[in-house]
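Reviewing the structure listed below.
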Amino acid sequence: MATFLYRLGRLAFRRRRLFLMCWIVVLAAVGIGAAGVSGKTTDDFTLPGTQSQRAIDLLGKEFPQASAAGATARVVFEAPAGQKLTSTANKTEISALVADLEKAPQVASVTEPFSNSLVSKDGTIAYAQVTYEVPKADLTDASSEALDQVAEKGERAGLTVSLGGNAVQEKAASKAAELIGLAVAAVALVITFGSMIAAGLPLLTALIGVGVAILCITISTQFFDMASASSTLALMLGLAVAIDYALFIVSRYRGEIRDGHEPEEAAGRALGTAGSAVVFAGLTVVIALAGLSVIGIKMLTTMGLAAAFAVAVAVVIALTLLPAVLGFAGMRIMKGKLTSERHRAEERGEREAMGVRWGRFVTRNPVKMLVVSVAGLGLLAIPAMSLRLTLPDDSMASPGSTQRVAYDTLSKGFGPGFNGPLTVVVDARNSDDPKAAAEDAYATISELPDVAAARPAVFNEAGDVALIGAIPKSSPTSQATKDLVADIRDHSDALHKDTGADLMVTGTTAVNIDVSTKLAEAMVPYLAIVVGLALILLLLVFRSILVPLKAALGFLLSVVATLGVLVAVFQWGWLKDVFGVDQTQPIVSVLPILLIGVVFGLAMDYEVFLVTRMREEYVHGAEPTEAIVAGFKHGGRVVTAAAIIMISVFSGFLLDDTALVKSIGLGLASAVLFDAFVVRMTIVPAVMTLLGRRAWALPDWLDRIMPDVDVEGEKLRHALDSRQTSTAPGGHEEAGQDADTAGDTEKLARKH
């Protein structure tokens with residue numbers, strides 16, 4: 001691989017105009033393609049095999065008029081101060097608005113407030129329930145506009161009108177997060193390289209790569225139902241890894257030029273060494289993200305695949321466009337007028353770099369550093385034991401948004417459980433007396449302590465399937481409501497024994513509970529699959545058993561510590577004002593498993609970039625401890641800059657008003673902070689110091705059957721050195737001796 005990438009780097013450097021033009025054409029093509037796409041997304045969760053989904057499927061067959069799978073909206077009305085909605089004027093106005101809703105496109109039914117007891121006891125709050133013929137993904141712009149027009153008309157009449165439900169379009173997200181992340185990344189790059197040109201190249205290539213990825217994802221929404229957070233996650237990860245990958249290659253390119261190589265040769269060598277690490281680092285991220293599809297939840301699958309595609313584009317950009325733009329920069333990339341005197345002294349070898357001093361400190365105190373680091377992460381992980389999961393609903397919408405206002409207004413007028421009604425399906429097709437079975441079920445549900453109200457059974461035309469409505473006393477995301485759903489389901493066995501009928505609970509709240517449960521159950525198998533595949537990949541990269549195992553264990557520490565931070569902030573409310581969290585609530589159920597996928601990939605990035613340089617020094621003959629310090633000398637500064645860039649990009653998303661995006665931003669930023677600075681730069685060198693040569697041990701039988709992927713570019717280096725020697729007078733024999741000596745050195749290093 002290293003040889004192929006070496007040739008690719010030189011080719012892209014020489015044919016830079018062609019490579020640049022190709023990427024510009026690709027960007028323009030996908031831009032034109034995306035311009036005519038609406039880019040609609042969905043947040044619907046479906047999980048075949050769950051009780052809630054089976055109930056929805058049954059309702060679709062037996063109650064087609066209910067449009068069980070259709071989008072829904074709640075139009076919430078609140079009377080002006082000192083008035084009631086039951087007054088003649090307000091009642092007439094609301095009836096007119098309901099009539100407009102019934103005429104709106106794609107509407108299947110509208111439940112009118114006054115004739116269906118959808119008015120609060122004090123008469124100040126009411127709502128109309130709108131059910132559509134199609135799912136949210138198939139709603140047209142005309143349907144959304146009709147909802148907005150009804151709200152505007154009600155506001156002009158003096159009413160306070162808010163909209164809730166999955167049919168309501170989300171407000172476009174602010175771009176402040178991306179801009180802030182880019183700004184901090186630019187500063188970090190300038191400090192790292194001390195050159196505007198060197199700092200600008202990673203940003204330029206990252207923006208082009210992210211642009212191509214996001215536009216392709218937008219085009220894909222025309223053919224697939226994409227989760228609304230897919231583009232955000234792809235942007236977040238694509239931007240971070242694209243800058244990081246370019247940072248590593250540019251840093252290696254500058255190092256090769258300092259070693260006396262011409263720019264074209266330096267580009268080839270940089271791609272043959274750092275480029276190989278980029279390929280394998282990118283592969284681990286892609287494996288982790290694409291692995292989300294094994295869980296079987298469509299929303300999570302689209303998020304994972306979209307982000308994996310963005311990372312893949314970042315890798316391709318780094319291997320093709322970056323060496324091309326290096327060709328345009330040439331030797332100017334070495335002009336660093338912005339470097340400090342200390343940095344220049346480090347480059348001249350007159351002063352030890354901070355990474356070297358840190359590496360020596362850790363290797364001199366491995367036990368102390370290991371104990372302190374593990375204990376610190378362990379303390380941060382304690383809150384994770386109280387982890388509770390839920391799916392996003394209108395309670396997590398941005399404060400002040402129409403969805404949030406509608407949610408809060410309904411809670412005020414009808415109680416917190418009114419936002420999470422339960423639909424209980426009585427399947428009496430095998431019962432001798434369906435009516436008696438439904439009455440028995442209704443009586444049982446009405447007597448449950450956490451049921452605020454229950455609606456009597458409504459039968460289908462055949463009279464063998466009934467619907468019972470139940471309003472919990474507690475909020476949809478509370479543990480009490482989760483227990484209520486479990487209690488109702490527990491009565492199914494007794495009902496079946498007595499009447500032959502079955503009970504099933506569905507509705508948004510029940511679906512959320514089922515999906516959250518499945519996600520929690522899928523966490524361990526998913527972790528096993530992803531970690532297993534990545535360990536095989538790392539085994540090929542490092543040709544060691546202990547190094548990949550150490551990498552995986554360190555990742556687990558990062559994940560549990562990050563989950564502890566999320567629970568402390570979002571669930572317990574610690575520092576919630578600092579992070580802009582307006583209310584405590586359970587963690588979004590997709591986040592832990594998403595965090596596992598994303599963080600594992602990113603953790604292996606730093607592992608590959610830092611440890612491959614250590615292995616490179618070890619293969620060259622350095623002692624294990626000196627190889628660790630040398631790895632920090634060459635990679636510490638760059639890994640630090642890369643981590644700061646990632647943390648900055650992810651932290652920028654804390655400015656988003658949406659709880660899901662905010663929690664993803666904090667989770668990823670915390671995970672990178674813990675993994676890069678505590679695990680990779682402290683625990684890893686401490687453990688490797690204690691292991692010594694055993695860290696690189698590999699059984700002979702495994703060494704023989706494993707392919708040598710040469711990530712550190714050792715074979716490439718010997719080939720190039722041999723070629724240079726053979727061009728000198730009488731150099732053929734010397735080249736052969738050098739190659740033999742180099743081969744013996746590598747074999748000896750692997751043996752020990």
Side-chain angles (χ1 to χ4, degrees), residues 34-46 56 59-60 63-77 93-113 116 118 126-157 159-173 218-231 298-299 302 392-394 396-398 401-407 409-410 419 421 423 507-508 511 658:
V37 175
S38 61
K40 289 187 176 180
T41 57
T42 180
D43 287 323
D44 293 338
F45 276 84
T46 57
I56 289 174
L59 290 178
F63 290 86
Q65 72 279 7
S67 299
T72 59
R74 282 183 170 182
V75 183
V76 182
F77 307 100
E93 181 62 32
I94 292 175
S95 297
L97 294 175
V98 170
D100 290 342
L101 287 172
E102 291 173 340
K103 299 174 186 176
Q106 298 179 299
V107 170
S109 63
V110 179
T111 305
E112 199 270 340
N116 291 278
L118 303 181
Y127 75 94
Q129 181 77 20
V130 184
T131 303
Y132 290 86
E133 299 170 343
V134 296
K136 176 184 176 179
D138 296 329
L139 285 178
T140 62
D141 293 337
S143 300
S144 300
E145 290 171 2
L147 265 181
D148 294 335
Q149 289 170 2
V150 166
E152 291 172 3
K153 186 176 178 181
E155 293 282 351
R156 288 196 298 268
L159 301 172
T160 300
V161 184
S162 52
L163 306 173
N166 62 5
V168 182
Q169 294 290 338
E170 293 284 345
K171 182 182 69 173
T218 302
I219 293 173
S220 69
T221 61
Q222 189 74 9
F223 309 99
F224 308 102
D225 292 337
M226 301 290 290
S228 60
S230 296
S231 293
K298 192 173 184 180
M299 176 182 178
T302 59
D393 59 13
D394 286 346
M396 299 182 187
S398 308
S401 64
T402 187
Q403 296 98 319
R404 181 65 174 273
V405 172
Y407 185 96
T409 302
L410 285 175
N419 282 293
T423 301
T508 303
V511 170
T658 307

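Taking CD of Q129 as the start and CG of L118 as the end, the distance is 8.0 Å to the nearest 0.5 Å. Remark: S144 OG to L163 CG distance equals 10.0 Å, nearest 0.5 Å. Interatomic distance, R74 CZ to N166 CG, rounded to the nearest 0.5 Å: 11.5 Å. Rounding to the nearest 0.5 Å places CZ of F63 at 10.5 Å from OG1 of T423. A distance of 10.5 Å separates CG in L139 from CD in E133, rounded to the nearest 0.5 Å.
Using a distance-only test at 3.5 Å, with no hydrogens or angles considered, a donor-acceptor pair links the side chain of E155 to the main chain of V161. Side-chain N or O atoms of N419 include one that pairs as donor or acceptor with a backbone N or O of Y407 at under 3.5 Å.
Evaluation of the side-chain contact (heavy atoms from CB on, under 4.5 Å) rule for T508 yields N512 as partners, not counting sequence neighbours. For Q106, the side-chain hydrogen bond (donor to acceptor under 3.5 Å, both in side chains) criterion is met by T140, S143, not counting sequence neighbours. Remark: V98 pairs with I94, E102, V110, E112, P113, A128 by the side-chain contact (heavy atoms from CB on, under 4.5 Å) rule, at least two apart or across chains.
Nearest heavy-atom pair across F77 and Y127 is CD1-CA, 4.2 Å. Y132 and P105 make their closest contact through CE2-O, 3.9 Å (heavy atoms, listed as atom of the first residue, atom of the second, distance).
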Full working for side-chain contact (heavy atoms from CB on, under 4.5 Å) between V75 and V130: CA-CA 8 Å; V75 183; V130 184; 4.2 Å; yes
